[in-house]
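Heads up: the structure comes next, in structure tokens.
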Amino acid sequence: VNALANGEVGKYLADHFVSSFQKVATFQIAGGQKQGGNVASYFCTPDNRVLHVVAGPVDAATMLREARWVVEAQKLAVLDSAGDPARFNEIVRRAHADRLRREHGLDVTAPDNGRGRRALNNPGRVHLLLAAAPLVKVEQVYKLVFEKILGEQVSTSPVVVARQ
Amino acid sequence: MSLLAFGLVAVLAASAHRRTSAEASAPIDGDVVQAPVVLPAEPASEPPASPKHETGTAATSAAIAAPPRDRETRSVAIEDLFEGLSHSPACETYGTAIRFSSRPAEAARKAKQEGKLLFLLHLSGNFEDAKFT
């Protein structure tokens with residue numbers, strides 16, 4: 001969330017996005033210390049289809065880089081697809097597959113799909129997810145992101161302050 | 001003979017009359033004349049008349065069609081009642097450099113209207129309260 005306090009990030013997001021938030025999990029406060037809790041930043045089309053996710057807290061430079069990448073990739077996809085939704089879908093899928101190969105060394109087009117080659121960090125897992133299911137709806141994927149990528153349980157419980 | 005001639009004239013006259021009335025309601029295909037379909041009369045569906053409504057109908061319609069000056073005044077007054085009581089304003093920054101709408105559906109609608117994308121933050125805890133985020 002600290003990245004979102006950065007002025008440059010704020011201006012860029014205000015120029016290209018309308019922002020909102022949703023509580024999907026909780027954490028515990030014990031002895032004044034926060035235990036658990038996480039954050040996922042979704043970049044979506046206006047109909048809630050996920051273009052990209054930043055899983056976990058990041059610094060301002062990373063948030064700005066990812067936001068710019070989404071905006072430019074989406075603009076290019078709009079241009080190239082010429083109004084064809086299937087082509088738009090394919091361009092977004094390829095964009096994630098390209099980053100997965102270049103930045104994480106995993107080629108999903110390889111004969112073995114690159115399985116078992118190496119462990120993936122959170123950004124790598126996000127690219128793998130969106131290369132497999134581009135433009136998936138937020139409501140279809142948020143549990144998977146929070147529970148399988150971030151390792152937090154989705155919960156409607158309020159924040160609990162544990163007694164000493 | 002004259003009786004036969006009269007009968008022929010009467011038949012021709014009747015045929016001509018039937019054709020003219022049929023032409024007015026349906027096209028004629030060759031020599032076949034299709035009789036117009038006549039639906040049974042529907043029962044009257046008007047609400048039972050009451051002297052109270054009859055006298056005020058025109059005035060009531062005019063009041064609905066006209067700008068509802070008194071109704072506007074009433075809705076503003078109701079909004080005034082809730083002013084300052086809202087605990088979740090439509091847009092807030094919550095200590096960030098971004099204005100957040102508290103309702104994702106509303107943000108999605110706004111993004112569509114403004115030709116923008118949607119930035120949606122999913123988090124643990126209460127975003128509105130810095131201690132619980």
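Every chain is numbered from 1 and lettered A, B, ... according to where its sequence line falls, protein lines coming before strand lines.
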At a heavy-atom separation under 4.5 Å, does A14(A) approach chain B through its side chain, its backbone, both, or neither?
backbone
Choice from R109(B), Q113(B), K112(B) maximising heavy atom contacts with chain A below 4.5 Å
K112(B)
Pick from A105(B), G95(B), P104(B), G115(B) with the largest number of heavy-atom pairs that fall under 4.5 Å of chain A
P104(B)
Any P46(A) side-chain heavy atom under 4.5 Å of L118(B) side chain
no
Let's test your reading of the structure: which of T45(A), V18(A), L13(A) forms the most heavy-atom pairs below 4.5 Å with chain B?
V18(A)
If hydrophobic clusters are built by linking Ile, Leu, Val, Met, Phe, Trp and Tyr wherever their side-chain heavy atoms come under 4.5 Å apart, do [X] and [Y] end up in the same one?
X: V50(A); Y: V24(A); answer: yes
X: W69(A); Y: Y12(A); answer: yes
X: V71(A); Y: V9(A); answer: yes
X: F21(A); Y: L51(A); answer: yes
X: V70(A); Y: L64(A); answer: yes

Could you pull out the closest heavy-atom pair between [X] and [Y], with the gap in Å?
X: S20(A); Y: A107(B); result: CB-CB, 3.6 Å
X: I98(B); Y: S19(A); result: CG2-OG, 3.4 Å
X: K116(B); Y: H16(A); result: CB-O, 3.4 Å
X: L123(B); Y: V39(A); result: CB-CG2, 4.1 Å
X: S124(B); Y: N38(A); result: OG-N, 2.8 Å

For residues 130-150 of chain A, please give each side-chain donor-acceptor pair under 3.5 Å, one per line with the distance, not counting sequence neighbours.
| residue | atom | partner | partner atom | Å |
| --- | --- | --- | --- | --- |
| K137(A) | NZ | D47(A) | O | 3.2 |
| Q140(A) | OE1 | K137(A) | N | 3.3 |
| E147(A) | OE2 | V154(A) | N | 3.1 |

Please tell me whether F43(A) and F119(B) form a close aromatic pair, meaning their ring centres lie under 6.0 Å apart.
yes
Contacts table for residues 74-83 of chain A: side-chain donor-acceptor under 3.5 angstrom, sequence neighbours left out:
| residue | atom | partner | partner atom | Å |
| --- | --- | --- | --- | --- |
| K75(A) | NZ | E72(A) | OE2 | 3.2 |
| S81(A) | OG | A77(A) | O | 2.7 |
| S81(A) | OG | V78(A) | O | 3.3 |

